[in-house]
Amino acid sequence: MSKFIQGIAASSGIAIAKAYRLETPNFSIEKKAIAAPEAEIERFLAAVDKAKGELEKIREHALQELGEDKAAIFSAHLLVLSDPELLNPVKDKIQAEQVNAEYALNETASMFVAMFESMDNEYMKERAADIRDVTKRVLAHLLGIAISNPSLISEEVIVIAEDLTPSDTAQLNRQFVKGFATDIGGRTSHSAIMARSLEIPAVVGTKSATAEIRNGDMVIIDGLDGQVVVNPSEEVLEQYMEKRSRFEAQKAEWAKLVHEQTTTKDGHHVELAANIGTPEDVKGVLANGAEGIGLYRTEFLYMGRSDLPTEEEQFEAYKTVLERMEGKPVVVRTLDIGGDKELPYLELPKEMNPFLGFRAIRLCLEMQDMFRTQLRALLRASVYGNLKIMFPMIATLDEFRQAKAILLEEKAKLQNENVPVAENIEIGMMVEIPAAAVLADQFAKEVDFFSIGTNDLIQYTMAADRMNERVSYLYQPYNPAILRLIHSVIEAAHKEGKWAGMCGEMAGDELAIPILLGLGLDEFSMSATSILRARAQVKKLSKEETASFKETILSMDTAEEVVAFVKKTFHIN
Ligand code: PEP
Ligand code: MG
């Protein structure tokens, strides 16, 4: 009997293979009195060293398989293992309480984990996961227990685990691991992000995969719809094999478009660009035939570390991206920290409404040293490609003017120092605050381009938190209010001879694309894996035809009405 388990689709594709349970060994830690604390501390430090040696190897493996930024997770783990804030309390506890190292480590690490987990903040939760991960490794050495080593898997399997730590995921060999399912995690958890970059189908957050799946069970991972099927019947298996063939055939069809321009049936070109978070992502951008990068979220350079990145580190990252894109446009967004993206080391006071608080450009205009460092790094990198710079969360003209003035000041300083800087860097802004959208005609006189950030524009226009399930019914991209705002931003740009793009999730949405094309959007920036699908769709559309529905759509009453009309008119299921 086929058993179906619903989870969250984390990485697309369909995989069918036998289950391989990645067991987390059960460490039972006893408290023991010890007579020689000095020797016990030595034993503890020896285990830490062994764990470090292993992590070095895993980091090396990750570097080759996954690239520099994913390998950085293990550099972070190595840092945790060298951190006196963790090691000293363990040593002190062994000394003062005369207890065994396992107990002292477990107690100390649990305290840190509990503290970080209670912080209700994704970033700190990830740090808790890091500590748990390295603690497990050291405990295994202390107890002489072998922890599972996913890199040793040598037959085709689907990995089933409660959770996959970053070190587990980095060790997965794509040749053998066809997919995975976990009990916990969401689309933005480390394992999900890694699955997407490895292009392994994955379903996370199933709650019960480990309870319901045994070693050797036949398992289907449907990373398109977030389903896991256990021991499928012949009939179900056949259905999924067909679904897999359809998906593969479709991907192969789309892949033919990789070197093509994105041109509508009636000969209009639109630019399909990709959103990236790190220089490593450029590989996927090129493999998927993007015509540029429409949003480089630079905040990831600042996250997962304990201090600000230097000008040199940033320069290297920006230069790498620009060089790899070989002259194609690269829109870099200056630091957009705040909201759900915190930098603990900035030690900013907690806020009642972080999404409406001291964030992004507001923070950069006040913490100018940090902002200027980023701008200098960007300006220095500008000679290596086609750089465009944009500012996030602009609410007022004054903010844009200030940010631009600082940018031009830094440019002049560099030129005085005889540092080469590209002459014609376009300077634009994100339109993601309704006030800026309403006043787009005024902004359009001063910017070189707009990039509409619908992820935030929708939440601020509808006053519905983009992360709150209870109000998700109000998070309506197709609400005519949103469409009218988008329309007026595009019109305002065009009136001044400027271009308008979109880098929110909506830009890659199959239902939104015909509407946005009709509204005259010039650039669509989306996740790299959506590009070929979008290109195939645009090629079948006529810009003139989509534009002819503009007035009809903008005068509709509800989002439902818009959706029904678009589905029917453009034959979308
Ligand atoms: C947006 O708000 O639409 C956007 C692209 O930025 P982020 O998702 O990073 O807030
Ligand atoms: Mg935003």
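Order of appearance sets the numbers: ligands from 1, and atoms from 1 within every ligand. Every heavy atom of this structure was used, including side-chain atoms; hydrogens, water molecules and symmetry mates were not.
- Nearest non-hydrogen protein atom to atom 1 (C) of ligand 1 is Asn455 CB, 3.3 Å.
- Residue Met430 places a heavy atom less than 4.0 Å from ligand 1.
- The pair Glu312-Arg376 fails the salt-bridge criterion, with no side-chain N (NZ, NE, NH1 or NH2) lying under 4.0 Å from an Asp/Glu carboxylate O.
- Donor-acceptor pairing under 3.5 Å is recorded for the side chains of Tyr302 and Gln314.
- Aromatic ring centres of Phe570 and Phe549 lie closer together than 6.0 Å.
- The two residues Gly7 and Val203 come nearest to each other via the heavy atoms CA-CG1, 3.7 Å.
- Of the listed residues (Met393, Arg359, Glu432, Glu299), the one carrying the non-hydrogen atom nearest atom 2 (O) of ligand 1 is Glu432.
- Counting heavy atoms closer than 4.0 Å to ligand 1, residue Thr454 contributes backbone atoms (N, CA, C, O) but none from C-beta onward.
- Closest approach of Val285 to Gly292, counting heavy atoms only: CG1-O, 4.3 Å.
- Between Arg333 and Asp336 there is a salt bridge, since at least one side-chain N of the basic residue sits less than 4.0 Å from a carboxylate O of the acidic one.
- Of the heavy atoms in Glu505, none comes closer than 4.0 Å to ligand 1.
- A donor and an acceptor atom, one from each side chain of Gln227 and Gln6, are located under 3.5 Å apart.
- No part of Met502 comes within 4.0 Å of ligand 1, judged by heavy-atom distances.
- At the shortest separation from atom 6 (O) of ligand 1 among protein heavy atoms lies Arg333 NH1, 2.9 Å.
- Remark: at the Mg ion (ligand 2), atom OE1 from Glu432 and atom OD2 from Asp456 enclose 90°, rounded to the nearest 10 degrees.
- Under a 4.0 Å criterion applied to the non-hydrogen atoms of Leu295, ligand 1 contributes the atoms 5 (C).
- From the protein, the heavy atom lying nearest to atom 5 (C) of ligand 1 is Cys503 O, 3.4 Å.
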